[in-house]
Amino acid sequence: KGMTVYDIFGGNLSGGTVSGAANVTLTSGVSNYVFGGNNAGGTVGSAALLLSGGTINNVAFGGNLSSGEIVGNVLINQGAVRFNAPEKQDNVSNENDIGVMYGGNMNGGTISGNVQIDSNAEVRGTSTSNRNIFGGNYGNGIIKGNVTINMRHSHPLLRYRYSERSNHTA
C-alpha cells in the first residue's frame, strides 16, 4: 500500500553535488510534491521521475524547487499514478494555470539539458476542473535545451500545452 511522504526530492536539500543521475521512482504510497532535482542549491547530473503508481496530492516537477542546477536532461515518465491536484493553488489566480506536471522548475534553478515528458495522461482524482501538463517552469527558472511532451492517451480532464506558464529560454 505504501507510505505517505510530504515531499520527495531526487537531488539535494541544500548545496552539494549529485554527479550522476537523480532518479525518483514512485510505485505506491502518497506524496504531496515530487521533484526530480534539488530543494535549494547544488548540482545534479540529470534527473528522472518514473511514476508508475501511487498518488501525488499536488504536483510533480522534473526540475528544482528553487535554485540549483541540473546540468543534464530531465525525464518524466508518467504511468498509472493518481493525481489529486488542488482546485486552486495559493498563488494562482487562473485555474488554467493549475498543472499536475511541470517538466521544469517550480521557483528557480537551471536545467542545462533537454526536458522530456512521456505521459499516459490518465489523470484521476476528485477534481473536475481542467488539469494541465506544462513542459516548462511554473515560476522563475531557465531551461536551456528543448522541451518535448509525448502523450500516449488523451483524457477529457487533461489539457497539455507548452503555455504562458512556461519561462522557457533557448
Side-chain angles (χ1 to χ4, degrees), residues 4-27 29-52 54-79 81 83-86 88-92 94 97-119 123 131-150 160-170:
T4 299
V5 177
Y6 190 79
D7 291 339
I8 298 173
F9 293 92
N12 299 297
L13 173 63
S14 179
T17 299
V18 177
S19 57
N23 297 330
V24 174
T25 301
L26 182 64
T27 59
V30 179
S31 181
N32 284 335
Y33 291 90
V34 179
F35 295 88
N38 301 309
N39 177 29
T43 303
V44 174
S46 63
L49 296 183
L50 309 172
L51 310 173
S52 62
T55 300
I56 298 174
N57 283 332
N58 283 298
V59 183
F61 289 88
N64 307 299
L65 172 60
S66 63
S67 68
E69 180 178 11
I70 298 174
V71 296
N73 298 323
V74 171
L75 169 67
I76 299 178
N77 190 334
Q78 183 249 323
V81 67
F83 282 94
N84 288 326
K88 183 178 179 189
Q89 295 171 348
D90 292 341
N91 55 352
V92 175
N94 181 347
D97 291 343
I98 298 173
V100 293
M101 283 189 290
Y102 293 83
N105 305 299
M106 183 171 178
N107 291 310
T110 300
I111 298 171
S112 295
N114 299 317
V115 172
Q116 179 174 328
I117 299 175
D118 295 322
S119 174
V123 176
R131 297 293 171 244
N132 299 291
I133 293 176
F134 294 94
N137 303 306
Y138 174 78
N140 295 322
I142 297 171
I143 299 173
K144 295 181 179 177
N146 297 316
V147 176
T148 304
I149 301 174
N150 297 314
Y160 59 96
R161 61 187 176 185
Y162 184 77
S163 73
E164 70 278 356
R165 284 302 302 167
S166 296
N167 293 341
H168 180 271
T169 58

Passes side-chain contact (heavy atoms from CB on, under 4.5 Å), Val71 versus Val44? Steps please. CA-CA 6 Å; Val71 296; Val44 174; over 6 Å; no
May I have the step-by-step check of side-chain contact (heavy atoms from CB on, under 4.5 Å) for Asn150 and Ile117, ending in yes or no? CA-CA 6 Å; Asn150 297 314; Ile117 299 175; over 6 Å; no
Could you walk me through whether Phe35 and Met106 pass side-chain contact (heavy atoms from CB on, under 4.5 Å), step by step? CA-CA 9 Å; Phe35 295 88; Met106 183 171 178; 3.9 Å; yes
side-chain contact (heavy atoms from CB on, under 4.5 Å), that's the test. Do Leu50 and Val24 meet it? Break it down for me. CA-CA 6 Å; Leu50 309 172; Val24 174; over 6 Å; no
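Scanning for side-chain contact (heavy atoms from CB on, under 4.5 Å) contacts around Ser52 gives Thr27, with sequence neighbours left out.
Screening residues 6-17 for side chain to side chain donor-acceptor pair (under 3.5 Å), with sequence neighbours left out, gives Asn12-Asn38.
Classification of the Phe61-Tyr102 ring pair by plane angle, with boundaries at 30° and 60°, yields parallel.
Using modelled atom types and a 3.5 Å distance limit, the side chains of Asn140 and Asn107 yield no donor-acceptor pair. Asn77 and Asp118 share no donor-acceptor pair across their side chains, judged by distance under 3.5 Å alone.
Interatomic distance, Ile111 CD1 to Ile143 CD1, rounded to the nearest 0.5 Å: 4.5 Å. A distance of 6.5 Å separates OG of Ser46 from CG of Asn23, quoted to the nearest 0.5 Å. In this structure, CD in Glu69 is found 9.5 Å from CD1 in Ile142, a value given to the nearest 0.5 Å.
Using a 4.5 Å heavy-atom threshold, the side chains of Thr148 and Asn114 count as separate. You'll find the side chain of Gln116 stays beyond 4.5 Å of the side chain of Asn73, heavy atoms only.
Between Gly36 and Ala47, the closest heavy-atom pair is O-CB, 3.4 Å. A pairwise comparison of heavy atoms in Asn64 and Gly109 identifies ND2-CA, 3.9 Å as the closest pair. Across all non-hydrogen atoms, the minimal contact from Ala60 to Ile56 is CB-CD1, 4.1 Å. For Ser112 against Lys144, the heavy-atom pair with the smallest separation is O-CB, 3.7 Å.
Between the side chain of Asn137 and the backbone N or O of Asn105, at least one donor-acceptor pair lies under 3.5 Å.
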